[in-house]
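First the structure, in the form of structure tokens, and then the observations on it.
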Amino acid sequence: MFFYRIDLGSTMTTFETTGSNVLHMQKDLFIPGNILYSEPRSLKTTDGGSNRLIVGEPGHFGYSEGVGINAYFKWIASFVQLNRTLLVVVDETNHCLRLVDRVTSETTRLLGTCTSSGFTNGTNAKFNLPTSLVFDVKTSKQLLLLDRNNRALRAINMTVWSVKTLFVFNTSTTWLRSVVQQENGNLFISCESGILGYDYETQAVSLIAGSPDQSGFRDGSLLDARFNAPREILILSTTKLLLVDVVDHRLRLLDIGWDRTFSICTGINLNQNGNSSNCGVAFPRSLLALENVIYIGGQRTIRSVQGKSKTNAWSKFSLHCGGGGGYH
């Protein structure tokens, strides 16, 4: 396993200028060397010099299955690549999961009743704003899905494409946003103003950082820290997490071993080159670590900063950095 660290002296630069907010990114399995990413209404691929539309019509908000620009989406919150040519897209505001064929650029409905919300298990499952989808590292042929408005963690059997509910969070938990899984199966989940931990075996839920219902901005100890709409989480090591904090326009580093949070970038709504203390990231929403580079997807841009990797260890480093509902 590779653990990542940020080279805080490196300059954050623009990797790609995009047409809209970058909601999710992955290494492109279909085009080697490219990054596959979603904007609200389209799926694109980029080599860092230019981008190409795969499916979706950026200017059209709606629902329609089709080929290329004739397929309409509302909010592509997440996706997973099943293999080199087939991927599952989470169309959050249409309440469904959809297949995309990279060879034909054709889309088809997979699970959920597109345009209609609900809470049903089985092969005729219904979702209410599904948001984040990952492969389950502990159970073969299974995906894990956050169902935001149902406050539920759902499991998807990929053999028969059937859905079951693993856990329903209590009503004090604000909207679930993004999920990432550790090698031991345990999950880190971002909600509207905090980070939750979920034990895969016991189903115990704990508050890792922030608050379940009090937003704001503050660094310090994990539970004293405050966040404004955290989204995707990147596991840097067994005790360190990096996440994006949308409304605060910052990256937040969580050191669980030290019980501290640290902020990276200025917090100004501006995309600006610079090191950890003077860089700018406007509305960051997504993260990707790839070949020792960390990519940050934000408002009409993908930013990049050099990272360093260590195998099965975390090298000590010095930190030279400063201290609402309704947002997707």
Side-chain angles (χ1 to χ4, degrees), residues 23-24 26 38 63 65 73-83 86-101 107-192 194-208 212 231-233 235 328:
L23 306 182
H24 187 63
Q26 289 185 13
S38 65
Y63 169 70
E65 304 295 354
F73 299 85
K74 283 189 176 180
W75 193 269
I76 305 177
S78 180
F79 58 84
V80 297
Q81 298 173 86
L82 300 179
N83 51 47
L86 197 64
L87 60 97
V88 179
V89 162
V90 180
D91 193 349
E92 180 179 314
T93 322
N94 275 322
H95 312 291
C96 60
L97 308 186
R98 302 164 65 178
L99 286 173
V100 176
D101 189 314
T107 71
T108 54
R109 184 197 67 84
L110 177 62
L111 284 168
T113 303
C114 297
T115 74
S116 177
S117 64
F119 194 6
T120 308
N121 290 320
T123 55
N124 295 315
K126 282 194 171 186
F127 311 107
N128 193 340
L129 297 180
T131 181
S132 184
L133 184 68
V134 296
F135 285 105
D136 188 346
V137 301
K138 297 293 285 185
T139 302
S140 178
K141 299 292 185 179
Q142 181 166 284
L143 300 171
L144 299 176
L145 173 71
L146 287 184
D147 194 352
R148 193 177 90 187
N149 270 15
N150 285 323
R151 290 189 170 90
L153 177 66
R154 317 285 294 273
I156 300 170
N157 184 317
M158 292 188 289
T159 302
V160 294
W161 292 110
S162 180
V163 178
K164 66 180 180 181
T165 299
L166 294 180
F167 188 80
V168 176
F169 294 81
N170 63 48
T171 54
S172 65
T173 302
T174 53
W175 283 348
L176 307 172
R177 289 300 188 174
S178 186
V179 61
V180 65
Q181 190 173 33
Q182 304 174 76
E183 284 189 329
N184 63 7
N186 295 342
L187 309 177
F188 291 113
I189 298 171
S190 64
C191 58
E192 200 60 25
I195 307 301
L196 305 175
Y198 174 86
D199 189 289
Y200 191 91
E201 298 297 335
T202 67
Q203 295 189 319
V205 176
S206 59
L207 181 63
I208 301 297
R231 292 296 182 269
E232 291 198 342
I233 304 166
I235 298 175
H328 273 282

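Side chains included, hydrogens not; waters and symmetry mates left out as well; all remaining heavy atoms used.
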Chi angles and distances behind the side-chain hydrogen bond (donor to acceptor under 3.5 Å, both in side chains) call for Thr131, Glu92: CA-CA 6 Å; Thr131 181; Glu92 180 179 314; 3.2 Å; yes
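Thr107 has its side chain out of reach of Val89: every pair of non-hydrogen atoms, C-beta onward, lies at least 4.5 Å apart. Using a 4.5 Å heavy-atom threshold, the side chains of Gln142 and Asn157 count as separate. Looking at heavy atoms from C-beta onward, Val163 lies out of side-chain contact with Leu145 at the 4.5 angstrom threshold. Proximity of His95 to Tyr63: side-chain heavy atoms (C-beta onward) are nowhere separated by under 4.5 Å.
We find the CG-CG distance between Leu166 and Asp147 to be 11.5 Å, quoted to the nearest 0.5 Å. Going from atom CZ of Phe167 over to atom CG of Leu146 covers 12.0 Å, rounded to the nearest 0.5 Å. A distance of 9.0 Å separates CD1 in Ile189 from OG in Ser132, rounded to the nearest 0.5 Å.
In summary, Glu65 and Arg98 engage in a salt bridge, as defined by a charged side-chain N under 4.0 Å from a carboxylate O.
Taking the six-membered ring for Trp and thresholds of 30 and 60 degrees, Phe79 and His24 have ring planes more than 60 degrees apart, a perpendicular arrangement.
Figure legend: Arg154 and Phe127 shown without cation-pi pairing, the cationic atom not lying both under 6.0 angstrom from the six-membered ring centre and within 45 degrees of its axis.
Counting heavy-atom neighbours within 6.0 Å of Asn124 CG, excluding the residue itself, gives a total of 12 or less.
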